[in-house]
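As the structure is a prediction and not an experimental result, all values here were calculated from the model. The sequence lines fix the lettering, A, B, ..., with proteins before strands; numbering per chain opens at 1.
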2 protein chains.
Amino acid sequence: MTDAPGKPRTTIVTLSRSAGVSTSTVSRALKGDPSISPAMRARIVALAAEAGYMPNIMARTLSSGRSGLIGLVLGPATNPFYAMLLEELVRQAAAKQQRFMIIHAGAGPIEDSTAEALLHYRVDGCLITSADLSSRAADVCARNGVPVVMINRIPREHASAVSCDNAEGGASLARFLRAGGHRRAGILHSGAGSSNGIERERGFTEAFDKDGARTVFRYDARSVYEGGYAAGEAIVAMPANKRPDCLFAVSDIIGMGAMDAIRAKGLRVPEDISVVGFDCIPDGARPHYAITTFRQPVAAMVRRGLDLLAARIGEPKLPDESVLLRGEIVIRTSARQAAGGGEVAD
Amino acid sequence: MTDAPGKPRTTIVTLSRSAGVSTSTVSRALKGDPSISPAMRARIVALAAEAGYMPNIMARTLSSGRSGLIGLVLGPATNPFYAMLLEELVRQAAAKQQRFMIIHAGAGPIEDSTAEALLHYRVDGCLITSADLSSRAADVCARNGVPVVMINRIPREHASAVSCDNAEGGASLARFLRAGGHRRAGILHSGAGSSNGIERERGFTEAFDKDGARTVFRYDARSVYEGGYAAGEAIVAMPANKRPDCLFAVSDIIGMGAMDAIRAKGLRVPEDISVVGFDCIPDGARPHYAITTFRQPVAAMVRRGLDLLAARIGEPKLPDESVLLRGEIVIRTSARQAAGGGEVAD
DNA sequence: TTGAAAGCGGTACCAA
DNA sequence: TTGGTACCGCTTTCAA
């Protein structure tokens, strides 16, 4: 209502006075303490609503120790997968009245002073989705007893984690390619620093390399489009009889780069080389790519991650837990499939 | 050092005791108050460092009213432009010891309770980058005297704004197309709700529609790839003699969709139809697209936005200000250019 | 069922 | 130059 510059905010004291009760009573009534009589509660709640009362979280945090703030370390947002994750994270957290303080977004490392902001603001916990295995933020949290949950990462000490079953995803894709008659795989990975990439490749290789089928090429595409593009160029430059007949990109963005390079150099996808990716980012669904991929259950991963974090915040000494969620293969047209296309396992 | 569960955090009281001085002195020393003797300051600073003291922002906020937190409303992160903005924002803010509380990320509207979190957490100010003209967050801020700066948006009442000179960008692109001999423009816009799109189109039209050259087609592509794709299909379906000979997409993402559709239907870009976009997102630089576009000076926009917000926080009654930054045309190969390619104005 | 009062960790004004 | 102290707004015993 009031708009004057010196508008006195409604506080718990204001309320207690206009209700003629103590601040304790107001505090209890507002949080639904059972020891408050229904009549009293109703009266106070009504008053609060009418006055447009909003509790000062800072004050609450100071006395209760709980801020409702969660620190967020986000990987490179320019990879659409992280953008999806971010949107889902913010949406679900808001629904639970939780907010993120964003600590980092991007590929680079985190400044020390940034990681320490986690402590300054007394975040209740921290969510880490960056693929980098090491993390200043994780260290700071560990040293200070701040619960950590990692999404899309294998766990570290002092952290729970939820991710998609990356190895099984890689294996699914491998089985699909083998069923399509492919025998010579190329793997576009993302380096030794990415736990996901490593798992995906492991699962893939275990399922692909048998009965004479094998991996004939590996390339570190650093999880960026340009890396995939360079890999594609390298492959086209190989003698035709040495080239892989299919490519497993550990993330869609890499696979898309490879597809563009292969086509730009005059080879066809999937006729000459099949390409499969991982993540199921929206861009991969475009007709131009239509990349066969493995969908991570992002919404479920976020839900589980938030739950895990909440549990850990409520009961700090719960044992670390790591959960693997099953994803699903998404078949499009970037890879040849067996005639009939029916026998896709999984 | 200590790691025990019951570790007593170092507070200003702890410090004052071990230094044998009052808490006021410690507080002053730590913030560089000139009335503290250098010797005393040095002693206290050393003590603080040794003890690993970190001030509790919540407490500071409670008494000083300043949280160092900035509310952030981000547009759809799945548009790479917003992803770029996010990364730049977080990087620059961290360098100034400012943190973002993320209020929203995505295309949808904001929940009331979410917007009110801004008040609960006593954010010092709010940064809005969503393209939507209306915004619950802006309303809440306006009603409560929270300074607002909009980046990539035209201003509203009670808000400063910084954006790229969208009209001039549109005009640049128009001049470029006209110099390349184009006479019939198609405009892929983003609807009446996007202030940027409107400005870009206005600038474009003013510079393009003269000497018989004119706009022959308009399509609402809603700022998404799919919208651009649909527009492209519609264009290809037109009789050849009615089709535009060039397309101005008010954002790259739209233009990319259009290019894919046009090519998928058998027409060539730029031979049959030229396409230009806006934003200069990384994806547009890929060889497959190589879209001619207009680069927004993102880093400068962010710097200016943060400065503006800081100023407004320090002096709440400063008049609203809106700043326009000049961008630059980025010529690639998605549009035919004049023979020689030299006379590109601007 | 309700109230009084002691913090939570700083800041800043007033004295000394 | 330093200390004393009253808050900031809310939570939470402890009593009544």
Enquirer: Is there a side-chain contact between Met150(B) and Val148(B), using heavy atoms and a 4.5 Å cut-off?
Expert: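 Heavy-atom side-chain distance check passes, below 4.5 Å.
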
Enquirer: Which atoms form the tightest heavy-atom contact between Leu325(B) and Pro297(B), and what is the distance?
Expert: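 Minimum heavy-atom separation between Leu325(B) and Pro297(B): CB-CG, 3.8 Å.
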
Enquirer: Would you give the length of the straight line joining atom OG of Ser163(A) to atom CZ of Arg304(A), rounded to the nearest 0.5 angstrom?
Expert: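 If we round to the nearest 0.5 Å, Ser163(A):OG and Arg304(A):CZ are 12.0 Å apart.
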
Enquirer: Would you say CD of Glu321(B) has more than 12 non-hydrogen atoms from neighbouring residues, nucleotides or ligands within 6.0 angstrom?
Expert: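 Result for CD/Glu321(B): enclosed.
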
Enquirer: Answer with base, sugar-phosphate or nothing: what part of the nucleic acid does Thr23(B) contact at a heavy-atom distance below 4.0 Å?
Expert: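 Base contact - Thr23(B) has a heavy atom under 4.0 Å of at least one base atom.
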
Enquirer: With axes from five pairs an end, tell me the bend angle of the helix from dT1(C)-dA16(D) to dA16(C)-dT1(D), nearest 10°.
Expert: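 Taking the rotation axis at each end, their angle is 40°.
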
Enquirer: Toward the 5' end of DNA chain C, which comes first, Val26(A) or Ala59(A), by nearest nucleotide?
Expert: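 Mapping each residue to its closest nucleotide by heavy atoms, the 5'-most match is Val26(A).
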
Enquirer: Return the minimal non-hydrogen interatomic distance between Met101(A) and Leu118(A), and the atom names on each side.
Expert: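 The pair with the smallest heavy-atom distance is CE-N, 4.4 Å.
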
Enquirer: Under 4.0 Å from a heavy atom of chain B: give me the 5'-most and 3'-most nucleotides of DNA chain C that qualify.
Expert: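 Using the under 4.0 Å cut-off, the span is dG9(C) to dC14(C).
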
Enquirer: NA contact type, Met58(B), heavy-atom cut-off 4.0 Å: base, sugar-phosphate, or nothing?
Expert: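 No contact.
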
Enquirer: For a quick test of reading the model, state the closest non-hydrogen atom pair linking Met58(A) to Ser67(B) and the distance between them.
Expert: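 In terms of heavy atoms, the two residues are closest at CE-CB, 3.8 Å.
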
Enquirer: With a 4.0 Å cut-off on heavy atoms, is Ser37(B) in touch with a base, just the backbone sugar-phosphate, or nothing at all?
Expert: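 Sugar-phosphate, backbone atoms only, no base.
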
Enquirer: Considering only NZ, NE, NH1 and NH2 on the basic side and carboxylate oxygens on the acidic side, decide whether Arg99(B) and Asp124(B) come within less than 4.0 Å.
Expert: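 No, this pair does not count.
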
Enquirer: Is Val323(B) close to Leu308(B) at the side-chain level, that is, under 4.5 Å between some pair of heavy atoms?
Expert: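 Yes, their side chains come closer than 4.5 Å.
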
Enquirer: Determine yes or no for a side-chain-to-main-chain donor-acceptor pair under 3.5 angstrom, with Glu87(B) supplying the side chain and Ala77(A) the backbone.
Expert: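 Such a contact is found between Glu87(B) side chain and Ala77(A) backbone.
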
Enquirer: Both Lys31(B) and Asp33(A) contact DNA chain C. Taking the nearest nucleotide for each, which residue is further toward the 5' end?
Expert: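 Nearest nucleotide further toward 5': that of Asp33(A).
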
Enquirer: Which heavy atom of Cys141(A) sits nearest to which heavy atom of Cys126(A), and what is that distance?
Expert: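 Nearest pair, atom of Cys141(A) first, then Cys126(A): SG-CB, 3.7 Å.
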
Enquirer: Using 0.5 Å steps for rounding, measure from the CG atom of Leu74(B) to the CZ atom of Phe100(B).
Expert: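 Interatomic distance, Leu74(B) CG to Phe100(B) CZ, rounded to 0.5 Å: 10.0 Å.
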
Enquirer: Walking along DNA chain D from 5' to 3', note the first and the last nucleotide with an atom under 4.0 Å from a heavy atom of chain A, and give both.
Expert: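 Both ends considered, the range comes out as dG9(D) to dC14(D).
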
Enquirer: Using a 4.0 Å heavy-atom cut-off, does Thr11(A) contact any base of the nucleic acid, only the sugar-phosphate backbone, or nothing at all?
Expert: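 Result for Thr11(A) = sugar-phosphate.
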
